[in-house]
*Asks:* 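Below you will find the structure I want to go over with you.
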Amino acid sequence: MKSHLIGFLMNFWISFSLALYFHSGEREEKCIIEDIPRDTLVIGNYKVQRWDINIQDFLESAPGLGMIVTVRSPSAEVQLSKLYGPQGTFSFTSYLSGEHFICLQSNSTRLIAVAGSKLRIHLDIRVGEHFLDESVVQAKDKVNELNIKLEHLIEQIHHISKEQNYEREREEKFRKTSEGTNSNIVWWAIVQTLILISIGTWQIKSLRDFFISKKLV
């Protein structure tokens, strides 16, 4: 029973992925933003399809097309910048918590990129994921297979714990910012009140002096 439960959990973790695709022009840079905790492994897989004007559809592959993958940290430092092929895998480890910019830009090997040519980019990004080598798992006996899956599950638990700590840090930072903003609003309201009282007092004194000077009082 325990073995079946662990297998179910492992299948869940392995199959969980956020995949998407988007359109881009040749040599046009498109970026996505991922909020990632520090010391977290990020693995990305992508595939590029080029639009064929003759068949009015995207081709299965885009031979001769390169993709420049650039990763910028929350401090705007370039953490990764590398030229890959039309299909590939990239990875990096975050060293700061925060929003990371993952950008892809085509680098056509054609002398002239056709104006308005369109690309479809399939992108699958896994955060905190350590992939299991299925060929290795299948070659081992059941005991070793279970041990490997247990180790993988423990890694996932550590990643979840890291995510929770990061969310707590963000919550604490947001709470302090909110408290600071509320405090500033209170002080600004007090300053406005003092200014209004001062202006009112000055107006009353000016009117009193005016009436006295005109001998109306």
Side-chain angles (χ1 to χ4, degrees), residues 9 12-25 27-46 67-82 84 89-106 121-131 151-209:
L9 291 173
F12 172 79
W13 286 116
I14 294 171
S15 62
F16 179 76
S17 173
L18 179 62
L20 56 89
Y21 75 84
F22 54 89
H23 293 152
S24 173
R27 299 181 183 175
E28 178 185 5
E29 185 179 65
K30 288 290 183 71
C31 299
I32 65 170
I33 301 174
E34 282 286 335
D35 202 349
I36 305 170
R38 65 176 177 271
D39 299 327
T40 300
L41 175 65
V42 179
I43 300 175
N45 295 285
Y46 72 88
M67 291 298 294
I68 301 174
V69 179
T70 305
V71 178
R72 298 183 181 89
S73 68
S75 62
E77 180 181 349
V78 177
Q79 193 168 346
L80 173 68
S81 182
K82 187 175 179 181
Y84 296 86
T89 300
F90 62 90
S91 63
F92 66 94
T93 301
S94 61
Y95 63 90
L96 288 176
S97 298
E99 294 181 341
H100 289 69
F101 289 78
I102 303 174
C103 304
L104 292 92
Q105 180 183 18
S106 63
I121 302 174
H122 299 263
L123 182 61
D124 178 15
I125 293 180
R126 297 173 184 258
V127 178
E129 181 81 5
H130 294 267
F131 294 107
E151 291 175 1
H152 189 75
L153 183 58
I154 291 172
E155 289 179 355
Q156 293 295 333
I157 293 173
H158 288 164
H159 173 66
I160 293 173
S161 177
K162 190 181 298 182
E163 286 276 2
Q164 290 176 336
N165 292 334
Y166 177 51
E167 291 300 326
R168 281 194 288 268
E169 290 176 4
R170 292 184 60 190
E171 183 180 353
E172 179 68 17
K173 183 178 179 181
F174 178 76
R175 185 181 63 80
K176 289 181 179 179
T177 302
S178 299
E179 290 177 352
T181 301
N182 292 335
S183 177
N184 292 336
I185 292 174
V186 171
W187 281 109
W188 177 239
I190 293 173
V191 170
Q192 283 184 316
T193 302
L194 293 175
I195 291 174
L196 290 175
I197 292 174
S198 300
I199 293 175
T201 303
W202 176 78
Q203 288 179 333
I204 292 172
K205 184 178 183 302
S206 297
L207 286 173
R208 183 173 177 278
D209 293 340

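Given the structure is predicted, the values throughout are model-derived calculations rather than measurements. FYI, side chains are in, hydrogens and waters are out, and symmetry mates aren't considered; it's all heavy atoms of this structure.
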*Asks:* Within this structure, what is the CZ-OG distance for the pair Arg38 and Ser94, rounded to the nearest 0.5 Å?
*Replies:* 9.5 Å
*Asks:* If you measure from NE2 on His100 to CD1 on Ile125, what distance do you get to the nearest 0.5 Å?
*Replies:* 11.5 Å
*Asks:* Tell me if a side-chain donor or acceptor on Gln79 pairs with a main-chain N or O of Thr93 at a distance below 3.5 Å.
*Replies:* yes
*Asks:* With rounding to the nearest 0.5 Å, note down the distance linking CD1 in Ile190 to CD1 in Ile195.
*Replies:*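 CD1 of Ile195 is found 12.0 Å from CD1 of Ile190.
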*Asks:* Measure the CD1-CD1 distance between Ile32 and Ile121 for me, rounded to the nearest 0.5 Å.
*Replies:* 10.5 Å
*Asks:* Any side-chain heavy atom of Cys103 sitting closer than 4.5 Å to one from Lys30?
*Replies:*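 The answer is no; the side chains never approach within 4.5 Å.
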*Asks:* Determine the minimum heavy-atom distance between Arg72 and Cys31, stating which atoms define it.
*Replies:*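 Heavy atoms of Arg72 and Cys31 come nearest at NH1-SG, 4.5 Å.
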*Asks:* Can you find a pair of side-chain heavy atoms, one from Ser24 and one from Leu104, that are under 4.5 Å apart?
*Replies:* no
*Asks:* Per the side-chain hydrogen bond (donor to acceptor under 3.5 Å, both in side chains) rule, what does the pair list look like for residues 176-187, sequence neighbours excluded?
*Replies:*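 Found Arg175-Glu179.
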*Asks:* What do you reckon, is OH of Tyr95 surrounded by more than 12 foreign heavy atoms closer than 6.0 Å?
*Replies:*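 Yes, the 6.0 Å shell around OH holds more than 12 heavy atoms from other groups.
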*Asks:* Angle between ring planes, Phe90 versus Phe92, binned at 30° and 60°: parallel, tilted or perpendicular?
*Replies:* parallel
*Asks:* Over all heavy atoms of both residues, which pair between Tyr46 and Val69 is shortest? Give the atoms and the distance, please.
*Replies:*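 Distance-wise, the nearest heavy atoms are CE2-CG2, 4.3 Å.
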*Asks:* Can a donor-acceptor pair be found, under 3.5 Å and without considering hydrogens, that links the side chain of Gln105 to the backbone of Arg27?
*Replies:* yes
*Asks:* Name all residues meeting the salt bridge (charged side-chain N to carboxylate O under 4.0 Å, His left out) criterion together with Asp35; count only those two or more places apart in sequence or in a different chain, and write none if there are none.
*Replies:* Arg170
*Asks:* In Å, rounded to the nearest 0.5 Å, how long is the span from CG of Asn45 to OG1 of Thr89?
*Replies:* 3.5 Å
*Asks:* Nearest 0.5 Å, what's the CD1-CG distance between Ile43 and Asp124?
*Replies:* 10.0 Å
*Asks:* What are the two closest non-hydrogen atoms of Pro74 and Ser97, and how far apart are they?
*Replies:* CG-O, 3.7 Å
*Asks:* Do you know which two heavy atoms are closest between Thr40 and Pro37, and how far apart they sit?
*Replies:* OG1-O, 3.1 Å
*Asks:* Show the nearest heavy-atom pair for residues Ser91 and Leu80, with the distance to one decimal.
*Replies:* O-CD2, 4.1 Å
*Asks:* Check this for me: Glu171, atom CD, are more than 12 non-hydrogen atoms of other residues, nucleotides or ligands nearer than 6.0 Å?
*Replies:*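 Result for CD/Glu171: open.
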